[in-house]
Amino acid sequence: MYKPIPYHIVAVAVYACILTICILAIVYGLRTRAYVKREKITALPRGFSPLDVQRIFIGKTYPRRLTRALIVHWAQMGYIMVEHISRYKVNLVCLDKPPVHSSKKAVFFDRGTYVRERDIFNALFPRQSVAVTVNLLKPLIPKAKVKSINEAYAVREDEGVFSTKHYRLKVVTLILSFAPFALCGVYMCITGSFTGIIPPFMMMLGMFVFRFMREIPFWFRLIWSMGWMGAATALTIVFFNSIFDPWYIAYASLAILVAGSYVLIQFIDHREKNNLSDYSDLVNFRKFLLFSGKEKLSGVDYYQALPYLYAFNIKRLVKRKFATDRLPDWYISEHGKRGALL
């Protein structure tokens with residue numbers, strides 16, 4: 001049953017939420033972009049870890065996602081030797097331990113990232129000369145071990161990267177993304193029955209499990225959550241297709257729920273100004289690797305850049321532009337096979 005006054009109030013509120021999200025994304029997206037200097041960065045400092053890339057870009061490190069990047073980085077630093085076994089398996093031999101951060105021999109970019117990385121290295125190699133066989137398709141160490149290492153430190157990884165305002169803006173954007181769908185549920189209650197509150201509840205439950213219950217295996221979490229969210233979407237569309245919906249608020253609310261929660265929220269990036277300089281250097285280095293031709297990359301050591309190609313997830317796009325004929329000194333392959341690591 002169509003009720004003009006409640007409908008138009010809900011429609012105005014829905015599109016006000018959408019407009020607010022778009023304005024926030026534009027304003028804070030442009031703010032971050034404005035601090036990205038137009039300069040050529042052809043190398044990163046020695047000791048700059050793939051974990052530093054993650055920390056600067058997203059404020060947190062995920063070492064389980066950087067198996068290949070960390071192996072190459074440690075090998076380049078002289079900590080390990082890599083022996084080829086098969087396409088996706090290598091044997092890692094510990095040659096040396098990373099020195100403690102207070103040592104003059106320690107080379108690193110961010111101390112907090114370095115001490116965590118050192119703990120991860122020591123968890124994998126409890127003593128020097130130990131050899132570990134690693135599957136390149138799997139994480140280096142268990143999730144529980146990474147969690148216990150992070151819990152040992154009082155300082156958060158994102159300290160100095162994001163301000164408190166950053167997280168408030170993220171929460172506000174998430175709420176504004178969900179609000180139009182909830183408003184559709186309110187209108188369903190006004191024009192129909194209180195069963196209209198069910199779709200927003202189902203959608204909220206599905207999205208919460210999918211986004212935040214990371215301890216549940218991904219595919220199970222995805223299928224279970226899609227069931228709840230799909231049912232909520234279907235109920236909402238069926239209801240609004242059965243009534244007069246001139247402003248298409250049902251489709252608009254579903255569109256901003258997806259676009260706002262997973263796309264536009266990425267532009268809400270309020271960093272500390274001192275960290276924006278590091279962010280700018282990384283963005284420019286990635287641009288250099290992506291858009292430079294073979295002649296410009298001829299002076300860049302492929303194996304020196306390889307950990308960052310993995311961290312930026314651009315190896316497949318740029319590998320052909322490098323000279324990769326020789327094997328690195330730290331890679332042992334009886335028949336010259338390169339495997340998936342190189």
Side-chain angles (χ1 to χ4, degrees), residues 1-34 162-214 216 218 220-270:
M1 181 179 176
Y2 174 67
K3 294 186 178 182
I5 294 177
Y7 176 85
H8 284 90
I9 292 174
V10 169
V12 169
V14 166
Y15 283 100
C17 290
I18 294 173
L19 180 61
T20 303
I21 293 171
C22 292
I23 291 173
L24 287 173
I26 291 171
V27 169
Y28 287 98
L30 289 175
R31 176 187 180 273
T32 302
R33 187 181 179 84
F162 298 121
S163 64
T164 304
K165 186 176 181 180
H166 171 85
Y167 296 102
R168 287 202 298 264
L169 286 166
K170 291 283 189 181
V171 171
V172 167
T173 304
L174 197 60
I175 292 172
L176 288 173
S177 300
F178 185 77
F181 191 81
L183 287 168
C184 287
V186 171
Y187 181 71
M188 291 166 65
C189 291
I190 293 172
T191 58
S193 66
F194 284 104
T195 55
I197 202 66
I198 295 176
F201 174 77
M202 294 170 66
M203 182 65 74
M204 182 172 62
L205 180 62
M207 290 191 68
F208 177 82
V209 171
F210 181 71
R211 289 180 66 95
F212 302 111
M213 302 296 287
R214 298 302 176 97
I216 300 175
F218 174 78
F220 178 81
R221 187 172 79 243
L222 176 65
I223 295 171
W224 191 90
S225 299
M226 289 301 109
W228 285 94
M229 292 187 283
T233 300
L235 287 172
T236 302
I237 291 177
V238 167
F239 175 83
F240 277 88
N241 281 343
S242 66
I243 65 170
F244 185 51
D245 184 14
W247 287 28
Y248 300 101
I249 61 174
Y251 292 102
S253 65
L254 288 167
I256 197 61
L257 181 62
V258 176
S261 300
Y262 295 99
V263 180
L264 296 178
I265 198 170
Q266 303 301 323
F267 294 92
I268 313 297
D269 194 331
H270 191 275

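For the pair F178 and P200, the minimum side-chain heavy-atom distance is below 4.5 Å. Two residues are said to be in side-chain contact when any heavy atoms from C-beta on lie closer than 4.5 Å; L264 and I256 meet this criterion. Side-chain contact check for Y28 versus K165: some heavy-atom pair is nearer than 4.5 Å. The shortest distance between side-chain heavy atoms of M213 and W224 does not fall below 4.5 Å.
Judged by distance alone, the side chain of R211 and the main-chain N or O of S261 form a donor-acceptor pair under 3.5 Å. Judged by distance alone, the side chain of Y15 and the main-chain N or O of W247 form a donor-acceptor pair under 3.5 Å. Y187 places a side-chain N or O within donor-acceptor distance of the main-chain N or O of K3, the cut-off being under 3.5 Å. S225 places no side-chain N or O within 3.5 Å of a backbone atom of L222 that could act as its donor or acceptor partner. Looking only at distances, a side-chain donor or acceptor of H166 sits under 3.5 Å from a matching main-chain atom of H270. The backbone N or O of F239 lies less than 3.5 Å from a partner atom in the side chain of S242, making a donor-acceptor pair.
Each of L174, L176, I175 was compared with V172 under the side-chain contact (heavy atoms from CB on, under 4.5 Å) criterion, and only L176 meets it.
For the residue pair Y7/D245, the side-chain donor-acceptor check at 3.5 Å is satisfied.
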field: Worked verdict on M203 versus L254 for side chain to side chain contact (heavy atoms under 4.5 Å, CB included)
entry: CA-CA 10 Å; M203 182 65 74; L254 288 167; 4.2 Å; yes

Residues I21, S177; criterion side chain to side chain contact (heavy atoms under 4.5 Å, CB included); working and verdict: CA-CA 7 Å; I21 293 171; S177 300; 3.6 Å; yes

message: Using the rule given for side chain to side chain contact (heavy atoms under 4.5 Å, CB included), can you reason through M202 versus M229, listing the C-alpha separation, both sets of side-chain angles and the distance that settles it, and then say yes or no?
response: CA-CA 6 Å; M202 294 170 66; M229 292 187 283; over 6 Å; no

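Around CG of L30, the count of heavy atoms belonging to other residues, nucleotides or ligands within 6.0 Å exceeds 12. By the neighbour-count criterion of 12 heavy atoms within 6.0 Å, atom CZ of F240 is densely surrounded, having more than that number from other residues, nucleotides or ligands. Y248 OH: 12 or fewer foreign heavy atoms inside a 6.0 Å radius.
A distance of 10.0 Å separates CZ of R221 from CE of M226, quoted to the nearest 0.5 Å. The OG1 atom of T236 sits 10.5 Å away from the OH atom of Y251 when rounded to the nearest 0.5 Å. Taking CD1 of I190 as the start and CD1 of I5 as the end, the distance is 11.5 Å to the nearest 0.5 Å. In this structure, CZ in F267 is found 11.0 Å from SG in C22, a value given to the nearest 0.5 Å. To the nearest 0.5 Å, atom SG of residue C184 and atom CG of residue L235 are 13.0 Å apart.
In terms of the side-chain hydrogen bond (donor to acceptor under 3.5 Å, both in side chains) criterion, residue partners of Y167 (sequence neighbours excluded) are, by chain and number, D158.
Taking each heavy atom of L169 and T173 in turn, the nearest pair found is O-OG1, 2.7 Å.
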